[in-house]
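Atoms within a ligand are numbered from 1 in the order they appear, just like the ligands themselves.
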Amino acid sequence: KDHEKKFNIEWIDVPFTKHKIFTCNNFYLPEFLAKSLEKFKQFQVRQDDVWIVSFPKSGTTWVQELVYLIENECDFKKATQDSIENRSPFFDYPSPGLKHIENIKTKRIIKTHLPHSFLPDEIEKKAKLIYIVRNPKDVTVSYFHFTNLSTQAQFTGNFYDFTKLFIEGKVPYGPWWNHVDDYVTKKDVHVIYYEDLHTKPFEVIKKLSKYLGKDLSDDEIKSIIEWCSFDKMKNNPAVNYEWYKDLGLYKKNGHFFRKGTVGDWLNYFAVDDSQKIDHIVENKLKTKLDFNYGIS
Ligand code: A3P
């Protein structure tokens, strides 16, 4: 296993799950990444690529749909004609695979959860890079539910067990603080806060479209906000991932579009775990983030 040696891969057992995880470069990564690390680095980035990057459960799908509409002149009809994963492919997963993404002829909107050090070498010189940050406590809640929705993880622990793993960084793509730090400190990265999308969507979308070099009218921005509301997206079969149930990837009870709110962590967190995450944000995270909404 040469690539495992080359990348210093070490396999670890994570309690409560059948998911295999390996450590590499200060991160805990899911098994399906192990064979592709070298290919990720060598991937040919294009000048007009848009990369949407996030720690899982930070609002990636929401931003994918926003970016798709910004890039495609608010063509809502076109946005219903293909699934979000076809319109904005997931870089990390072996399917559809890097070859498929390489062969896309039109402008690419690529989704990834990879930490910065695992991205293609030329990424910053070339592509546009959007990074989404969400309150880590809400990320924990969302990630816990997502792990239970998935038929793959077979997580047997409860919320407290999951939170403990999150705090130790031992969830796929963890630790959260390393992930965030590596992106928000890069100067050409356009950072979006999930919470801002809730409280000031107009401003966020205006800035985002500027970053993408698009000048949208106020009415266009308003129609995008409406189209991308939680309820609309939850009922939109092109984005709501209900098709994963037919594929056997999600359980029948539960939805990818779960709740979509800020501060749901208040309904879940024990006081001491909440304080541990405050401690992470204040001490382990090198960047000062503006988390006065809902963090404590
Ligand atoms: P919850 O589990 O808290 O509901 P990702 O796309 O990165 O996997 O993130 C999924 C999370 O974003 C889920 O959070 C989901 O409900 C939320 N989300 C997705 N679209 C949203 C929208 N239009 N408005 C608000 N939240 C949204």
Side-chain angles (χ1 to χ4, degrees), residues 30 51-70 76 79-80 83-85 87-93 109-115 130-150 152-153 155 159 162-163 166 171-174 176 179-180 183 191-202 204-205 208 221-244 249-251 253-269 277 293-295:
W51 288 64
I52 300 174
V53 193
S54 62
F55 190 84
K57 310 322 289 174
S58 300
T60 329
T61 317
W62 195 2
V63 174
Q64 282 175 285
E65 185 74 345
L66 293 173
V67 169
Y68 183 83
L69 291 166
I70 294 170
F76 296 109
T80 58
S83 73
I84 190 67
E85 53 174 4
R87 290 181 283 124
S88 171
F90 187 30
F91 187 68
D92 314 8
Y93 210 62
I109 301 168
I110 299 171
K111 160 189 163 179
T112 182
H113 294 313
L114 287 177
I130 298 161
Y131 186 73
I132 312 155
V133 186
R134 186 182 189 185
N135 180 334
K137 295 180 193 175
D138 281 334
V139 169
T140 308
V141 173
S142 186
Y143 213 167
F144 169 69
H145 284 285
F146 179 76
T147 302
N148 282 326
L149 179 64
S150 153
Q152 317 293 300
F155 191 76
F159 178 71
F162 187 83
T163 304
F166 187 92
V171 291
Y173 297 100
W176 174 86
H179 203 284
V180 174
Y183 280 100
V191 178
I192 292 181
Y193 286 84
Y194 175 88
E195 291 75 11
D196 284 347
L197 263 177
H198 273 273
T199 53
K200 42 181 177 180
F202 192 92
V204 175
I205 295 171
L208 173 61
I221 294 180
K222 281 180 200 152
S223 59
I224 291 181
I225 294 174
E226 166 78 13
W227 181 268
C228 294
S229 71
F230 179 81
D231 288 337
K232 284 265 166 66
M233 284 186 72
K234 186 180 170 80
N235 292 307
N236 177 352
V239 297
N240 65 11
Y241 282 101
E242 289 291 304
W243 66 91
Y244 269 34
L249 297 171
Y250 289 171
K251 295 172 194 160
N253 55 342
H255 300 283
F256 180 90
F257 279 77
R258 188 188 63 87
K259 204 161 181 187
T261 58
V262 173
D264 195 30
W265 65 268
L266 285 160
N267 299 315
Y268 287 87
F269 263 78
I277 299 226
Y293 17 64
I295 187 138

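- Closest to atom 6 (O) of ligand 1, if we only count protein heavy atoms, is Thr61 OG1, 2.6 Å.
- The closest side-chain donor-acceptor pair between Tyr244 and Glu85 falls under 3.5 angstrom.
- Of all protein heavy atoms, the one closest to atom 16 (O) of ligand 1 is Phe230 CE1, 3.3 Å.
- In summary, the aromatic rings of His255 and Tyr241 are positioned with their centroids too far apart to meet the 6.0 Å limit.
- Ring to ring, Phe162 and Phe155 are close: their centroids are under 6.0 angstrom apart.
- At a 4.0 Å heavy-atom cut-off, ligand 1 touches Ser58 through the backbone alone.
- Between His179 and Tyr131, the side chains place a donor N or O and an acceptor N or O closer than 3.5 Å (distance only, hydrogens not considered).
- Remark: the backbone N or O of Pro56 is not paired with any side-chain donor or acceptor of Ser54 at under 3.5 angstrom.
- Summary of contacts: the protein heavy atom closest to atom 23 (N) of ligand 1 is Cys228 O, 2.9 Å.
- Using the six-membered ring where Trp is involved, Phe146 and Phe256 have ring planes that are perpendicular, over 60° apart on the 30 and 60° scheme.
- Thr60 OG1, 2.4 Å is the protein heavy atom nearest to atom 7 (O) of ligand 1.
- At least one N/O-N/O distance between Lys57 and ligand 1 falls below 3.5 Å.
- Atom 2 (O) of ligand 1 has Ser142 OG, 2.6 Å as its closest protein atom, hydrogens excluded (heavy atom only).
- In the candidate list Lys111, Arg134, Glu65, Arg134 is nearest to atom 14 (O) of ligand 1, counting heavy atoms.
- Ionic pairing of Asp264 and Arg258 is present here: one or more N-O contacts between side-chain nitrogen and carboxylate oxygen are shorter than 4.0 angstrom.
- Between His145 and Phe159, the ring center distance fails the sub-6.0 Å criterion.
- Among the atoms of Ser54, none of the N or O lies under 3.5 angstrom from an N or O of ligand 1.
- Residue contacts with ligand 1 for Phe146 are absent, since no atom lies close enough (heavy atoms, distance under 4.0 Å).
- Protein heavy atom at the shortest distance from atom 12 (O) of ligand 1 is Gly59 CA, 3.8 Å.
- Atoms of ligand 1 found under 4.0 Å from any heavy atom of Lys259 (numbered from 1 in listed order, with element): 4 (O).
- The closest heavy-atom contact to atom 25 (C) of ligand 1, among the options Trp62, Phe257, Trp265, Phe55, comes from Trp62.
- Looking at atom 15 (C) of ligand 1, its nearest protein heavy atom turns out to be Phe256 O, 4.2 Å.
- In terms of polar-atom proximity, defined here as any N/O pair under 3.5 Å, Gly260 does make such a contact with ligand 1.
- Considering both main-chain and side-chain atoms, Tyr194 comes within under 3.5 Å of ligand 1 through a nitrogen or oxygen pair.
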Run the side chain to side chain contact (heavy atoms under 4.5 Å, CB included) check on Phe76 and Leu69 step by step: do they pass? CA-CA 7 Å; Phe76 296 109; Leu69 291 166; 3.7 Å; yes
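- A ring-centre distance under 6.0 Å is not found for Phe230 and Trp62.
- Checking side-chain atoms of Asn240 against main-chain N and O of Met233 turns up no donor-acceptor pair under 3.5 Å.
- Those atoms of ligand 1 that come under 4.0 Å of a heavy atom in Met233, given as number and element, are 23 (N).
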